[in-house]
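If you read the sequence from its start, that first residue is 1, and numbering goes on from there.
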Amino acid sequence: MASDNLSISVADDENYGFRREEMYQSKLTGTVSAYDRHVFLCYKTPEAWPSHLEASDSDVLPRLLSAALKARKDDLSVKTKLTIFSGREETGFSDGDVLIFPEMVKYRGLEDSDVDGFVDDVLVNDKPWASREPEVFTGSHVFVCVHASRDRRCGVCGPILIQKFEEEIGLRGLKDRVYVSPCSHVGGHKYAGNLIIYQPGVDGKTTGHWYGYVTPEDVSELFEQHIAKGEVVERLLRGQMGTNPEEVQKEVEQKLPNGEDTKKSKDEIQENGDQSKVETVAGCCQGSNGFTCCRDESSGKSTRIEETSKEPSEDQVPKKTSKLSCCWTEKWEQSEILTAVAVIGAVATVAVAYSIYRRSG
């Protein structure tokens, strides 16, 4: 697998990458432990992360936050995971920022001396942090494990997946709606590429789905099915926020009857290996109200057909218009209305609580 800026050797690909022997050898469903809240701390870059970042004496902030969460484990209102991620210019996050899902609330500039107060206020007592005002954020957020010092498989697969996501974001004109970030160990190295997608569902509630054995060829499907339509890609699903592993496994088995194979052969991956570089076949998704939306991979443009026909004539060939295809527009128009209502309510609630808290303090 190679791309314009990233490439890996044949040996690395066969030993640690998407062609390694263990790919598709283990069942994915039910491999994520139950949890109800995910805290992400923005801290340095993946190259600077040691193997066990949360236990590193030289990395004080993540170590203190991890220790505080463990010490207050029995006091937390819900079961909480902690993951470190790297801020990037495209996402607007910087070191010390804390993201909280499913609330989709951000606190900026956490410092070593703030940790105990932050955990006590926000994660134990579910009230605004006394030292900072919360910010509500929106969009789809993809976190890809790239923790090379912890496991080389994630270090090989993760960066290539991130670049593929970035390419798709550009092709689809979704720079301000979909964000991809490198993150630390999330468990299950053998399932690399590993990633998590957090975004508002069609009902406005935030969902969190974990995917494994993801290759560059799967990224378009994740965009068109999961991110655009809110439909889970069952064959790659490991688990999700707010459910027990047994429930996820049972649900996936029901949706994949007769033991439908979720694997790809190594030969198939070999044949498709160069698709991550250039794809000349147009990718499409079916929108609502009779619209078909296509993205021209080779030109980087989106195309649109206003009426679907089984056998289009030459004059019905889609013409290039905007990068944002109609299926994306319609999906976000619906979800963003619901999300906006939820965000307005959350902001109002947080603002009132923060005001009362500061007066009482």
Side-chain angles (χ1 to χ4, degrees), residues 1-3 5-33 38 40 45-47 49-54 81-86 141-168 180-198 208-223 226 232-240 245 248 252 261-270 272-276:
M1 298 287 171
S3 56
N5 300 319
L6 289 174
S7 63
I8 57 177
S9 67
V10 173
D12 274 354
D13 201 7
E14 292 181 348
N15 292 323
Y16 308 105
F18 304 108
R19 294 190 182 98
R20 64 187 189 275
E21 289 287 346
E22 68 180 0
M23 282 288 284
Y24 311 109
Q25 297 303 307
S26 300
K27 181 177 289 187
L28 290 171
T29 54
T31 59
V32 176
S33 59
H38 205 156
F40 285 84
T45 64
E47 294 77 16
W49 296 341
S51 175
H52 292 78
L53 180 57
E54 296 86 352
K81 285 184 178 291
L82 171 64
T83 299
I84 311 303
F85 79 106
S86 179
H141 295 264
V142 182
F143 296 93
V144 182
C145 181
V146 298
H147 203 161
S149 63
R150 185 72 175 266
D151 191 277
R152 193 166 178 181
R153 288 165 292 190
C154 294
V156 169
C157 296
I160 294 177
L161 290 178
I162 286 179
Q163 180 157 318
K164 184 63 175 176
F165 268 97
E166 290 175 337
E167 292 171 358
E168 290 289 333
V180 58
S181 301
C183 74
S184 64
H185 172 63
V186 295
H189 302 298
K190 66 181 179 180
Y191 307 123
N194 285 302
L195 61 87
I196 312 168
I197 302 177
Y198 285 103
H209 291 86
W210 297 50
Y211 289 110
Y213 289 146
V214 181
T215 71
E217 287 72 45
D218 298 317
V219 172
S220 289
E221 182 180 2
L222 288 170
F223 264 91
H226 186 121
V232 176
V233 180
E234 305 289 350
R235 65 184 179 83
L236 301 175
L237 183 66
R238 291 186 56 193
Q240 65 188 79
V248 175
V252 171
D261 196 357
T262 63
K263 301 177 183 178
K264 295 179 184 177
S265 67
K266 287 188 67 180
D267 291 339
E268 182 181 349
I269 299 174
Q270 184 91 20
N272 295 333
D274 291 333
Q275 286 186 351
S276 60

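- For Tyr211 and His226, the distance between ring centers is under 6.0 angstrom.
- Distance CD/Glu14 to CD1/Ile8: 10.0 Å, rounded to 0.5 Å.
- Looking only at distances, no side-chain donor or acceptor of Arg19 sits under 3.5 Å from a matching main-chain atom of Val10.
- Shown here for Gly17 and Met23, the closest heavy-atom pair between the two residues is O-CG, 4.2 Å.
- Note that the OH atom of Tyr198 and the CH2 atom of Trp210 stand 6.0 Å from one another [nearest 0.5 Å].
- Checked by atom type and distance alone, the side chain of Ser86 never pairs as donor or acceptor with a backbone atom of Pro46 at under 3.5 Å.
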Evaluate Leu236 against Asp218 for side-chain contact (heavy atoms from CB on, under 4.5 Å), listing each step before the verdict. CA-CA 9 Å; Leu236 301 175; Asp218 298 317; 3.8 Å; yes
Assess whether side-chain contact (heavy atoms from CB on, under 4.5 Å) is satisfied between Ile160 and Phe18, documenting all intermediate values. CA-CA 10 Å; Ile160 294 177; Phe18 304 108; 4.1 Å; yes
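- Once rounded to the nearest 0.5 Å, the distance linking OG of Ser220 with CD of Glu168 reads 3.5 Å.
- Salt-bridge annotation for Asp12 and Arg152: present, with a side-chain N of the basic residue lying under 4.0 Å from a carboxylate O of the acidic one.
- Leu28 contributes atom CG, which lies 8.0 Å from atom CG of Leu237 (distance to the nearest 0.5 angstrom).
- The side-chain contact (heavy atoms from CB on, under 4.5 Å) check on Cys145 picks up His147, Cys154, Cys183, Val186, Asn194, with sequence neighbours excluded.
- For Ser181 against Ile162, the heavy-atom pair with the smallest separation is C-CD1, 4.2 Å.
- Of all heavy-atom pairs spanning Ala148 and Gly155, the tightest one is CB-CA, 3.5 Å.
- Val214 has its side chain out of reach of Val144: every pair of non-hydrogen atoms, C-beta onward, lies at least 4.5 Å apart.
- Put simply, the side chain of Asp151 does not reach to within 4.5 Å of the side chain of His185, judged on heavy atoms.
- Ring geometry for Phe143 versus Phe40: interplanar angle under 30°, hence parallel rather than tilted (30 to 60°).
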Report the C-alpha separation of His38 and Ile196 in whole Å, then their side-chain angles, then the decisive distance to 0.1 Å, and conclude whether the side-chain contact (heavy atoms from CB on, under 4.5 Å) test is met. CA-CA 11 Å; His38 205 156; Ile196 312 168; 3.9 Å; yes
For Val142 and Leu222, what are the C-alpha separation, side-chain angles and deciding distance, and is it a side-chain contact (heavy atoms from CB on, under 4.5 Å)? CA-CA 11 Å; Val142 182; Leu222 288 170; over 6 Å; no
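- When all heavy atoms of Thr31 and Lys27 are compared, the pair lying nearest together is CG2-O, 3.5 Å.
- The side-chain hydrogen bond (donor to acceptor under 3.5 Å, both in side chains) test applied to Thr45 returns Glu47, not counting sequence neighbours.
- Side-chain N or O atoms of Tyr213 include one that pairs as donor or acceptor with a backbone N or O of Ser26 at under 3.5 Å.
- Contact of the Asp13 side chain with the Val156 side chain is not registered, since no non-hydrogen atoms from C-beta on lie closer than 4.5 Å.
- Here the closest heavy-atom approach between residue Phe165 and residue Phe223 is recorded as CD2-CE1, 3.3 Å.
- Rounding to the nearest 0.5 Å gives a distance of 9.0 Å between NE2 of His209 and CD1 of Ile197.
- Contact of the Cys157 side chain with the Arg20 side chain is registered, since non-hydrogen atoms from C-beta on lie closer than 4.5 Å.
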